Amino acid sequence: MVETRGKHGRTVAIILTPEITNGINLLNSLRSTVGIHEENPYAFARVNRDSLGHLRGWDCLRYCATKCSPKLQNPDAITSTRLRKYIATITQVLSLEEKELDWLARHLGHDIRTHREYYRLHESTIEIAKISKLLLAVDCGKAGSLKGKSLDEITIDGEL
């Protein structure tokens, strides 16, 4: 794991898998070959012998989304903001404690207020998702196996 500067100077942790670490090591071994200034401290440095700057992640994401093969139907939908919103949305079905929500928001580069105000689903959407699990269980004749369970404890895979 490494830490980087995120929005508004906040520190954001980045989890490095072995594959990512190997890729960064390869980039580092080729720095002088591709023309990166020897004093440039960034792992993702600009390829220019005069530059001490770095590449911006969202520019790289946009480039990859528009140039990938096979071509995406809607490459403009792949943005860092939308990826954060996706993560915030899917975590709503979990029963995260207040402290864990704060950790998630900080990891996404937000404070908890921003996370709640802009990235969370409405309660009605969560309600529909949880009630749907119950209704599917009843429809499949599995209501008896749910005795004593809360809506959060109902799983569709194993039970239905």
Side-chain angles (χ1 to χ4, degrees), residues 1-123 125-126 128-130 132-133 150-159:
M1 181 176 75
V2 296
E3 291 182 340
T4 185
R5 186 172 48 105
K7 283 181 168 181
H8 310 292
R10 292 187 186 104
T11 300
V12 177
I14 299 174
I15 301 167
L16 300 177
T17 63
E19 293 85 3
I20 293 171
T21 302
N22 290 338
I24 291 173
N25 289 338
L26 177 62
L27 289 173
N28 282 334
S29 72
L30 298 172
R31 288 173 72 88
S32 62
T33 306
V34 298
I36 294 174
H37 192 285
E38 64 185 39
E39 293 179 23
N40 190 317
Y42 296 105
F44 300 102
R46 292 201 174 275
V47 181
N48 177 335
R49 293 217 183 268
D50 298 328
S51 176
L52 295 178
H54 58 84
L55 298 172
R56 295 183 300 193
W58 65 272
D59 285 336
C60 296
L61 183 60
R62 179 172 311 217
Y63 177 83
C64 290
T66 58
K67 303 295 182 190
C68 74
S69 180
K71 196 169 185 79
L72 298 176
Q73 287 181 328
N74 189 7
D76 293 336
I78 308 295
T79 66
S80 55
T81 299
R82 288 194 172 138
L83 290 172
R84 279 192 299 274
K85 183 171 181 69
Y86 175 73
I87 293 294
T89 300
I90 63 170
T91 58
Q92 279 190 276
V93 298
L94 304 174
S95 297
L96 297 180
E97 297 175 8
E98 188 72 19
K99 174 178 62 174
E100 294 167 326
L101 275 175
D102 187 47
W103 292 344
L104 174 64
R106 281 188 291 139
H107 189 77
L108 296 176
H110 299 138
D111 63 32
I112 193 70
R113 291 183 319 270
T114 302
H115 181 76
R116 282 201 172 107
E117 188 173 339
Y118 296 105
Y119 292 97
R120 301 277 291 178
L121 286 174
H122 296 287
E123 285 295 318
T125 306
I126 297 169
I128 290 168
K130 290 183 179 187
S132 294
K133 293 189 300 183
S150 70
L151 290 176
D152 288 330
E153 295 170 324
I154 298 173
T155 60
I156 293 176
D157 289 341
E159 310 253 349

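Along the sequence shown, residues carry numbers from 1. What you see is a predicted model, and the numbers here were worked out from it, not measured in a lab.
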Can you check whether D76's main-chain N or O pairs, donor with acceptor, with R82's side chain at less than 3.5 Å?
-> yes
Any donor and acceptor pair, going by atom type alone, linking the side chain of S51 with main-chain N or O of N48 inside 3.5 Å?
-> no
Point-to-point distance, once rounded to the nearest 0.5 Å, from [atom1] of [X] to [atom2] of [Y]:
X: I78; Y: Y86; atom1: CD1; atom2: OH; result: 11.0 Å
X: I24; Y: S29; atom1: CD1; atom2: OG; result: 12.0 Å
X: L61; Y: R56; atom1: CG; atom2: CZ; result: 13.0 Å

Kindly indicate whether the side chain of T81, heavy atoms from C-beta on, has any atom under 4.5 Å from the side chain of W58.
-> no
Are any non-hydrogen side-chain atoms of I36 and L27 less than 4.5 angstrom apart?
-> no
Is atom CG of L26 surrounded by more than 12 heavy atoms (other residues, nucleotides or ligands) closer than 6.0 Å?
-> yes
Side chain to side chain contact (heavy atoms under 4.5 Å, CB included) between L104 and I87, intermediate numbers included | CA-CA 9 Å; L104 174 64; I87 293 294; 3.9 Å; yes
Residue list, side-chain hydrogen bond (donor to acceptor under 3.5 Å, both in side chains) with E19, at least two apart or on another chain | T17
Check the pair R31 / N40 against side chain to side chain contact (heavy atoms under 4.5 Å, CB included), numbers first and verdict last.
-> CA-CA 10 Å; R31 288 173 72 88; N40 190 317; 3.7 Å; yes
Quick one: closest heavy-atom pair of E39 and L52, and the distance?
-> C-CD2, 3.9 Å
Can you name the nearest heavy-atom pair linking A65 to P75, along with the distance?
-> O-CB, 3.3 Å
Given the rule in the side chain to side chain contact (heavy atoms under 4.5 Å, CB included) test, do L151 and K133 qualify, once you have shown the distances and angles that lead to the verdict?
-> CA-CA 8 Å; L151 290 176; K133 293 189 300 183; 5.6 Å; no
Got a sec, which pairs hit ring pair (Phe, Tyr, Trp, His ring centres under 6.0 Å) with one end in residues 14-40, sequence neighbours left out?
-> none
Y42: ring pair (Phe, Tyr, Trp, His ring centres under 6.0 Å) partners, not counting sequence neighbours | H54
